[in-house]
Amino acid sequence: MAQRDYYKILNVDPKSTSKTIKTAYRQLALKYHPDHNPNNQKALEMFTLIKEAYDILSDPSARKNYDFTYTPSKVEPTVEPQKTSPKEATSASSKQKNLRYNLYITLEDVLNGCERTIRFIRKNNSENETIQLKVKVPKGAFNHQRLKLSGYGDITKLGNGDLFVIIHLQEHPIFLKNDLNLRVNVPVRYVDIAVGSLIEIPTLNGTRKIKLKPCEFDDLNVLLQGFGLPDPKGNYKGDLLVHFFIEHPKSLSTSEKNAMQNMQRTWPEGDMMRQYKSYLTQHKGSTL
């Protein structure tokens with residue numbers, strides 16, 4: 001079985017420090033954690049992979065053994081011959097060599113469109129020729145979309161072939177994509193929800209602030225309509241689902257404990273707590 005590229009899975013360089021690897025893992029774990037992506041099999045599979053990668057790369061001994069046989073996967077843009085059908089192969093024009101170039105873009109590029117400079121080598125009769133040109137990626141570009149650049153393939157006596165630029169969407173470090181819709185998981189403190197704080201959240205087009213409703217613990221999702229990806233035809237945009245979740249501290253300093261104890265003394269009680277305490281008072285000394 002081929003060795004998994006754990007560096008690629010965590011989107012880090014093989015020479016990255018342990019701190020960089022840990023930061024990358026936390027960021028991806030936040031994005032794909034099953035608790036924040038219920039009933040999402042793809043997210044579960046990705047979370048399992050990034051945990052497996054982190055378990056190896058965070059252990060110095062395991063990482064050393066892994067690096068000993070590590071071979072980077074080929075993720076760089078490549079140019080290769082464009083496949084033709086049997087029918088096309090029988091025609092004279094099929095002898096013109098079409099080429100394929102893999103171009104990797106981000107979700108931000110999909111939102112606004114972009115222009116990329118590419119370099120590739122083509123055959124000019126029997127000689128290799130290096131070509132550099134600019135490719136305009138339209139707004140709303142989608143995965144595996146083909147952009148045809150006529151005349152930029154190999155040159156033969158019968159004429160020029162074409163260049164087909166194939167669009168590949170890169171995994172985003174924060175956003176989960178579902179068609180044109182996006183989802184982002186945002187950690188908040190318990191107190192942020194209790195008092196209804198103003199929380200800064202990311203979008204593909206900068207950040208914005210969302211005001212949480214005080215004590216609204218049951219519904220931690222906010223839908224921002226039109227903040228997703230554009231339709232390729234430009235007719236509409238998808239939505240952005242912001243999922244807030246409470247991140248609990250692993251430890252408290254002395255001053256933080258004192259502050260929490262002061263808060264504990266003044267924290268309001270809800271109906272369920274009052275009913276529970278009433279039950280305990282009524283049954284004190286009971287052998288139930």
Side-chain angles (χ1 to χ4, degrees), residues 5-14 16 20 23-24 27-28 30-32 37 40 42-43 45-46 49-50 53 72-83 98-122 130-153 161-185 201-208 224 226-242:
D5 191 336
Y6 291 139
Y7 292 107
K8 181 182 176 184
I9 291 172
L10 294 182
N11 196 26
V12 295
D13 188 88
S16 296
T20 299
T23 299
Q27 191 176 52
L28 289 171
L30 171 66
K31 176 181 176 182
Y32 290 107
N37 299 280
N40 188 329
K42 180 181 177 182
E45 292 172 357
M46 283 299 301
L49 273 178
I50 63 176
S73 61
K74 297 179 180 180
V75 295
E76 295 299 322
T78 58
V79 177
E80 55 192 58
Q82 176 71 15
K83 294 180 180 180
N98 293 337
L99 297 178
R100 168 188 174 120
Y101 186 96
N102 295 318
L103 181 61
Y104 295 82
I105 66 172
T106 66
L107 294 184
E108 287 82 0
D109 295 330
V110 176
L111 181 68
N112 302 306
C114 66
E115 187 175 78
R116 292 284 184 270
T117 298
I118 66 172
R119 288 170 59 90
F120 61 96
I121 296 175
R122 70 176 179 180
T130 300
I131 300 295
Q132 177 174 305
L133 55 87
K134 292 183 178 180
V135 177
K136 289 186 176 180
V137 178
K139 182 186 300 186
F142 52 90
N143 206 30
H144 298 153
Q145 180 177 357
R146 299 200 320 169
L147 305 178
K148 181 180 178 181
L149 301 180
S150 299
Y152 283 99
D162 299 322
L163 174 67
F164 290 87
V165 176
I166 312 301
I167 300 298
H168 297 273
L169 299 187
Q170 295 176 318
E171 284 283 341
H172 198 279
I174 292 293
F175 298 104
L176 279 166
K177 178 180 176 296
N178 181 15
D179 196 13
L180 299 181
N181 299 319
L182 300 173
R183 173 191 172 109
V184 62
N185 300 316
I201 60 100
T203 75
L204 285 179
N205 198 22
T207 61
R208 62 173 294 153
L224 298 181
F227 279 80
L229 297 173
D231 171 68
K233 296 182 179 179
N235 296 328
Y236 60 93
K237 284 185 177 180
D239 302 325
L240 171 62
L241 177 66
V242 183

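Residue numbers run from 1 in the order of the sequence given.
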Does a side-chain heavy-atom distance below 4.5 Å link P232 with Q145? no
Considering only heavy atoms from C-beta outward, does the side chain of Q170 approach that of N11 to under 4.5 Å? no
Side chains of K31 and I174: closer than 4.5 Å at any heavy-atom pair? no
Can you find a pair of side-chain heavy atoms, one from N185 and one from N37, that are under 4.5 Å apart? yes
Is the shortest side-chain heavy-atom distance between Y32 and L176 below 4.5 Å? yes
Donor-acceptor contact present, side-chain K177 to main-chain D179, <3.5 Å: yes
Over all heavy atoms of both residues, which pair between A24 and L10 is shortest? Give the atoms and the distance, please. CB-O, 3.5 Å
So which atom in K134 and which in T117 form the shortest heavy-atom distance, rounded to 0.1 Å? CG-OG1, 3.7 Å
Residue pair D162 / G151: nearest heavy atoms and the distance that separates them: OD1-N, 2.9 Å
Atom OH of Y152: over 12 foreign heavy atoms under 6.0 Å: no
Output for pair (L180 CG, L240 CG), nearest 0.5 Å, gives 13.0 Å
Okay, side chain of N98, backbone of L163: is any donor-acceptor separation there less than 3.5 Å? no
Testing the basics here: between C114 and I105, what is the closest heavy-atom pair and its distance to 0.1 Å? SG-CG2, 4.5 Å
Here the gap from L49 atom CG to D5 atom CG, rounded to the nearest 0.5 Å, amounts to 11.5 Å
Just say parallel, tilted or perpendicular for the rings of H168 and Y104, cut-offs at 30° and 60°. parallel
Using every non-hydrogen atom in the two residues, find where G228 and K237 come nearest and quote the distance to one decimal. O-CD, 4.4 Å
Rounding to 0.5 Å, atoms CG (L133) and CZ (R119) come to a distance of 10.5 Å
According to side-chain contact (heavy atoms from CB on, under 4.5 Å), who are the partners of E108, at least two apart in sequence or on a separate chain? T106, H172, L204
Approximate separation, where rounding is to 0.5 Å, of L107 CG and L169 CG: 6.5 Å
Assess whether atom CG of D239 is packed by more than 12 heavy atoms of other residues, nucleotides or ligands within 6.0 Å. yes
As an exercise, state the distance from CG of L241 to CG of N181, rounded to the nearest 0.5 Å. 9.0 Å
Taking the side chain as every heavy atom from C-beta outward, state whether D109 and V137 have any atom pair closer than 4.5 Å. no
Between CZ on residue R116 and CG on residue L147, distance to nearest 0.5 Å: 12.5 Å
